[in-house]
Structures are given as C-alpha cells and as structure tokens.
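Proteins get letters first, then strands, A, B, ... in listed order; numbering begins at 1 in each. We use all heavy atoms of the structure for the numbers below, so side chains are in, but hydrogens, waters and symmetry mates are not. It should be emphasised that the depicted structure is a prediction, and the values quoted were computed from it without experimental measurement.
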Protein chains: 2
Amino acid sequence: MDHPIGEVAAFAGVTVRALHHYEEIGLLRPSRRTPAGHRRYTDGDLARLQQIRFYQELGFRLDEVAALLDDPETDPTEHLRRQHALLLGRAARLEAMAAAVERTLEAHRMGVNLTPEERFEVFGERDPEQYATEADRRWGDGPAYREARRRTARYTKDDWRRITGEQRQVGARFAELLRSGAAATCREAMDLAEEHRRQVCRYFYDCDHTVHRGLADLYESDPRFTEGYGPAPELGRYVGAAIRANADRHEG
Amino acid sequence: MDHPIGEVAAFAGVTVRALHHYEEIGLLRPSRRTPAGHRRYTDGDLARLQQIRFYQELGFRLDEVAALLDDPETDPTEHLRRQHALLLGRAARLEAMAAAVERTLEAHRMGVNLTPEERFEVFGERDPEQYATEADRRWGDGPAYREARRRTARYTKDDWRRITGEQRQVGARFAELLRSGAAATCREAMDLAEEHRRQVCRYFYDCDHTVHRGLADLYESDPRFTEGYGPAPELGRYVGAAIRANADRHEG
DNA sequence: ACTTGCACCTCACGCACCGTGAGGAGCCAC
DNA sequence: GTGGCTCCTCACGGTGCGTGAGGTGCAAGT
C-alpha cells in the first residue's frame with residue numbers, strides 16, 4: 001500500500017534527490033520508513049506530491065507551496081479549483097505569446113521594425129497590486145504578487161502620479177454613472193470595468209477576468225478602495241457588480 | 001535611437017539587475033555606453049532581448065539561450081518559428097494539466113482514489129501525430145487505420161490545436177538534439193522517440209514498436225513531416241534512426 | 001552655487017532548488 | 001560470495017538573479 005522512493009520519483013517525474021530535498025525542508029515527509037531506513041510513500045503522500053507539482057509548475061516557490069498546503073482553512077478541492085484556474089490562465093498567456101511571435105514573424109516578413117512596446121507587450125503580466133498589503137493577505141505572496149512588486153518597484157514618483165491619476169479618473173466616472181442612475185450591468189459600466197482591468201494589466205500584473213472578479217470582491221469588502229469619489233460602500237458594490245457583469249460578458 | 005537601462009527593463013519586464021547579469025555572462029551586451037559609462041541599448045539589442053525572454057519563458061537556461069542565439073546557422077525567423085511551436089506545445093501541456101486537475105476533482109467528488117499513474121500522467125511528458133492522412137495511404141484501411149479514424153473523428157478543433165502543438169514540440173526537440181551533435185542512437189534521442197510513440201498511442205492508434213518502425217520509414221521518405229524545424233531531409237533521417245534505435249532497445 | 005533627487009554605476013554576498021558525486025548498506029540472483 | 005540494483009546520508013557546486021552598500025552624472029529647484 002506504499003511505495004519506495006524510486007517508484008514515486010518515476011511516477012511524478014521528479015528526481016530522488018528532489019524528494020530528499022522536499023523532506024529536508026519539511027514539504028513532503030514520507031509517512032513511513034522501513035527498518036532499514038528506506039522511505040515509503042503512502043497514497044496520501046502521493047496526493048500531496050501531486051499538489052506540490054501543480055503549484056510548482058505554476059511558479060510558486062517551495063516555501064509558498066508548503067504554506068498553501070498546510071493552511072488548515074483550505075480544503076483539497078479548493079486547491080484543485082485554484083490550480084485549475086491558474087493553469088488555464090497560464091495556458092492562455094502562452095498562447096498569447098505564441099500569437100505575439102506570429103505577429104513578430106509577420107512584421108519581419110514585411111520588413112517592419114517593431115516598437116519596443118510591441119516587442120514586449122506579452123511579457124507584461126501577472127499579478128499584484130499597489131494594494132500590496134491587501135494582495136498579500138488575499139493571495140499570499142504568489143508569483144503574481146512578486147511580479148507586481150517587481151514592476152511597481154521601478155515606477156518613479158511621476159509614474160505613480162500618472163497611474164493613480166488615471167485610476168482616479170476611472171473611479172470618478174464610475175461615481176458619475178452611479179449618480180446618473182445607470183445600472184451596474186449596463187454597457188457603459190461594463191466598458192468602464194474593462195478599462196479598469198486593462199489599466200491593472202498595464203501597470204500591475206496580468207489581470208484576466210477571473211482575477212478581476214477577485215478584485216471586485218476586494219472593492220466591495222474594503223471601502224478604502226473607492227473612497228473619495230462618492231458614497232463609499234455603495235460605490236464599491238456598484239464597481240464590483242460592473243466588474244462581474246463585464247467578466248460574464250467576456251467569458252460567456 | 002537607443003534606450004537607457006531602466007526603460008529597457010520596464011519594457012521587457014525584467015529588472016535592471018537582470019540586464020546587468022545578462023551582460024556579465026555575455027548574453028546581452030548593450031551596443032553602446034555613454035561617456036559616463038551608462039549602458040545604451042539599441043533596437044537590435046531589444047530584438048535580442050525579446051528572443052532571450054521567449055526562450056527563457058520556455059525553460060531554457062541562459063547559457064543555452066546564448067548558444068542558440070549565437071549559432072550562426074540559425075536565422076532570426078527560424079528562432080521565431082521554433083519559439084512559436086514550443087509555446088504552443090507548452091500551452092497545450094498546461095491545458096492538459098488543467099484537464100487532469102478536472103479529472104482529479106471529478107474522482108474526488110466520486111470518492112474514488114486515483115492510482116499513482118493517473119495522478120501523474122500529465123507530468124510525464126508530451127507528443128503525437130498528425131499524419132493521419134499519411135497513415136491512410138500506407139495502411140489502407142486496416143484495423144489501425146479504422147481505429148485512428150474513429151478517434152480522430154471526435155477531436156474538436158481545440159483538440160487538434162493541442163495535439164499538433166504537442167507534436168511540433170517533439171519535433172523541435174529532435175531538431176535541437178540534432179543540432180547539438182548528439183547521435184540518433186543516444187539515450188535522449190531514443191527517449192524522445194519513445195515519447196513520440198506514446199503520443200501516437202494516446203491520440204491516434206495503438207502504436208507498438210513495430211508499427212513505429214513503419215512511421216520511421218515514412219519520416220525518412222517524406223521531408224514534409226519534419227520541415228520547419230531544421231534541415232528537413234537530414235532531420236527526417238535522424239528521427240527515423242532514433243525511432244529504430246528505440247524500437248531495438250525495447251524489443252531487445 | 002548648492003543641494004535634492006533620481007537614474008545609473010560597480011562590487012559582493014546571499015538564497016532557492018536542487019545536481020552531482022562520495023562512500024556505504026540492504027537485498028536479490030547467480 | 002560477488003555482482004548489480006536501489007536505497008541511505010553528507011556535502012559541495014551551480015544557476016539566476018535579489019539585495020544592499022557605497023558612489024557618480026545630471027537636471028531642477030532655492
């Protein structure tokens with residue numbers, strides 16, 4: 001009912017050394033040892049290893065993986081659902097990159113020279129926030145968060161003024177819409193949500209519609225994010241609803 | 001007409017430190033320096049950086065990337081085509097992993113316990129065959145052909161994209177090996193051949209080593225099957241030799 | 001003329017994730 | 001008893017940067 005280390009390594013596509021390492025850092029401890037000291041992995045251990053492999057493939061560091069898996073508030077199916085979403089997101093990103101390569105090829109064929117922005121737009125991506133501490137609590141500090149921090153770290157003061165200015169403008173337009181009595185599900189509100197999403201993409205991380213839904217929760221639950229434009233909690237809910245409607249529209 | 005390092009870093013989504021590192025290891029040297037010693041990157045440097053980023057995203061190490069880019073026999077468009085194939089392959093792999101997560105979820109819901117093989121099959125590897133129509137001509141409508149047609153008939157457009165992406169990846173890896181000077185009878189080449197065989201099994205029909213030998217002939221005689229990855233006829237012979245060596249190994 | 005302030009420079013140490021032996025033991029087959 | 005395979009435990013090495021520390025170049029403000 002349990003397996004020796006070589007077999008496990010072969011199954012999982014990792015080396016024996018890696019399994020040793022996982023034990024050293026407390027990430028995966030085999031449930032049993034033989035009298036001779038040989039490691040034996042149970043099916044439960046294998047299930048954990050599977051989770052480890054998925055998270056790792058997604059770019060999490062091993063200490064992050066350990067934190068995720070050892071969080072008592074997360075049940076197994078939640079891990080799987082999260083991994084599913086992240087995997088599809090990454091796949092989509094790679095396809096976008098492939099498309100970018102195609103465009104580059106095309107430009108090359110035409111003898112056109114690309115602008116730097118065009119060259120690297122697909123590398124823009126994934127994930128966190130100026131709400132660094134919020135993002136932290138919500139997503140731990142996954143690869144997306146690190147990427148965002150890396151990017152934001154390079155922004156100058158002028159960049160920040162420009163970026164927050166743009167964001168405040170979107171916020172103001174949301175407040176405007178809300179005051180006008182337009183539904184959060186109307187086209188204008190959804191377009192505004194889409195604009196917001198693209199801003200996040202441009203300045204912070206690769207924010208697809210799924211991730212954007214997560215931000216919607218954030219806006220609704222924390223009035224800090226919309227304060228200053230209007231009736232805070234109500235505007236938060238309004239923006240959240242618009243983001244969700246927009247996501248529905250694009251995913252439908 | 002050239003750019004300071006911070007700007008380049010922002011464009012490309014890398015840190016300034018990374019660019020310093022690339023220069024240290026001779027991977028990317030800015031074409032110019034200002035009198036004050038500040039690096040200046042030309043558009044040509046940016047083009048190279050773009051290539052670096054793509055290859056890196058695909059999992060190549062920096063010294064490998066340098067070797068690839070500095071190979072005088074490879075022209076720019078060949079890099080792009082190769083990257084395109086590899087990106088699609090990786091995207092396909094991630095989608096397969098997402099599907100595996102779905103299956104795991106489903107099994108979980110049913111209360112079923114997965115076998116280790118099931119748990120990790122997606123981590124093993126990749127790749128198959130599109131030569132359905134060729135198979136057609138060769139085997140007329142024997143049982144193998146009928147099975148292939150039965151299975152391929154159910155594939156959606158998405159399935160096809162995924163499958164051909166995986167295949168192209170194996171092709172690219174063969175080309176890589178050939179370029180590296182490895183013998184077609186080396187272990188890596190045979191492993192790759194075996195991987196290829198399993199793809200055929202998974203996506204088309206039961207392809208044992210004998211049948212695989214038949215495919216080897218096909219690849220050698222028709223350069224269409226390996227074009228786009230490298231010197232077509234040579235690569236075809238190389239793949240054929242690897243398949244035969246692999247068959248020998250398994251049948252021996 | 002002076003001082004911020006930012007972008008840039010050059011060391012140089014540190015860290016994550018293992019790879020890669022070295023040296024030895026358990027276990028099976030002949 | 002002697003290969004031959006798998007397993008064990010150190011322990012050093014390597015890649016791809018992160019992260020200061022300490023200093024320079026230059027433009028704008030006072």
* To do: Could you tell me the separation between the CD atom of B/Glu24 and the C1' atom of D/dG16, rounded to a whole number of Å?
  => 11 Å

* **Length of the CD-C1' vector between A/Glu64 and C/dC15, whole Å** => 14 Å

* Asked: Does a nitrogen or oxygen in the side chain of A/Gln56 sit under 4.0 Å from OP1 or OP2 of C/dC18?
  -> yes

* **Nearest-nucleotide 5' precedence on DNA chain D, A/His38 against B/Asp63** => A/His38

* Asked: Can you check whether B/Thr34 has a side-chain N or O nearer than 4.0 Å to OP1 or OP2 of D/dG25?
  -> no

* To do: Calculate the interatomic distance between A/Ile52 atom CD1 and C/dC17 atom C1'; express it in whole Å.
  => 14 Å

* Asked: Judged by modelled atom types alone, do A/Gln51 and A/Gln83 share a side-chain donor-acceptor pair under 3.5 Å?
  -> yes

* Asked: Can you check the A/His3 NE2 to D/dC7 P distance for me, whole Å?
  -> 13 Å

* Structure fact -> Whole-Å distance, A/Arg53 CZ to C/dC17 P, equals 14 Å

* To do: Just call it for A/Ile5: base, sugar-phosphate, or nothing, with non-hydrogen atoms closer than 4.0 Å on any strand.
  => sugar-phosphate

* Please give, in whole Å, the distance from C/dC8 P to B/Arg32 CZ? -> 14 Å

* Side-chain contact, heavy-atom cut-off 4.5 Å: B/Tyr55 with B/His79? -> yes

* Structure fact -> Walking DNA chain C from its 5' end, the first of A/Val16 and B/Arg17 to be reached, judged by nearest nucleotide, is B/Arg17

* With a 4.5 Å heavy-atom cut-off, do B/Leu68 and B/Thr74 have their side chains touching? -> no

* Please tell me which of the listed nucleotides, C/dT10, D/dG18, C/dC17, lies nearest to the side chain of B/Arg39? => C/dT10

* Contact class for A/Arg40 (heavy atom, under 4.0 Å): base, sugar-phosphate, or nothing? -> nothing

* To do: Could you tell me whether the phosphate oxygens of C/dG19, OP1 or OP2, come under 4.0 Å of any side-chain nitrogen or oxygen in A/Thr15?
  => yes

* Nucleotide of D/dC17, C/dT10, C/dC18 approaching A/Tyr22 most closely (side-chain heavy atoms) -> C/dC18

* To the nearest angstrom, how far is A/Glu23 atom CD from D/dC8 atom P? -> 9 Å

* To do: Round to a whole Å and report the spacing from NE2 of B/His21 to C1' of C/dC9.
  => 18 Å

* Can you list the steps and then say if B/Asp45 with B/Ser31 is a side chain to side chain donor-acceptor pair (under 3.5 Å)? -> CA-CA 7 Å; B/Asp45 298 333; B/Ser31 298; 3.0 Å; yes

* To do: Indicate yes or no: at least one non-hydrogen side-chain atom of A/His21 is less than 4.5 angstrom from one of A/Leu27.
  => no

* Counting heavy atoms from C-beta on, name the nucleotide in D/dG16, C/dC18, C/dC8 closest to the side chain of B/Arg61. => D/dG16

* Salt bridge B/Arg17-B/Glu24, side-chain N to carboxylate O under 4.0 Å -> yes

* To do: Look at B/His20 and C/dC9 and indicate whether a side-chain polar atom (N or O) is within less than 4.0 Å of OP1 or OP2.
  => yes

* For A/Leu62, answer base if it contacts any base atom (sugar-phosphate contacts may also be present), sugar-phosphate if it contacts only those atoms, and nothing otherwise; contact means non-hydrogen atoms under 4.0 Å. => sugar-phosphate

* Structure fact -> Contacts of A/Ala36 and A/Leu19 projected onto DNA chain C by closest heavy atom; the upstream (5') one is A/Leu19

* Within the structure, does a side-chain N or O atom of A/Arg33 lie under 4.0 Å from either OP1 or OP2 of D/dT9? -> yes

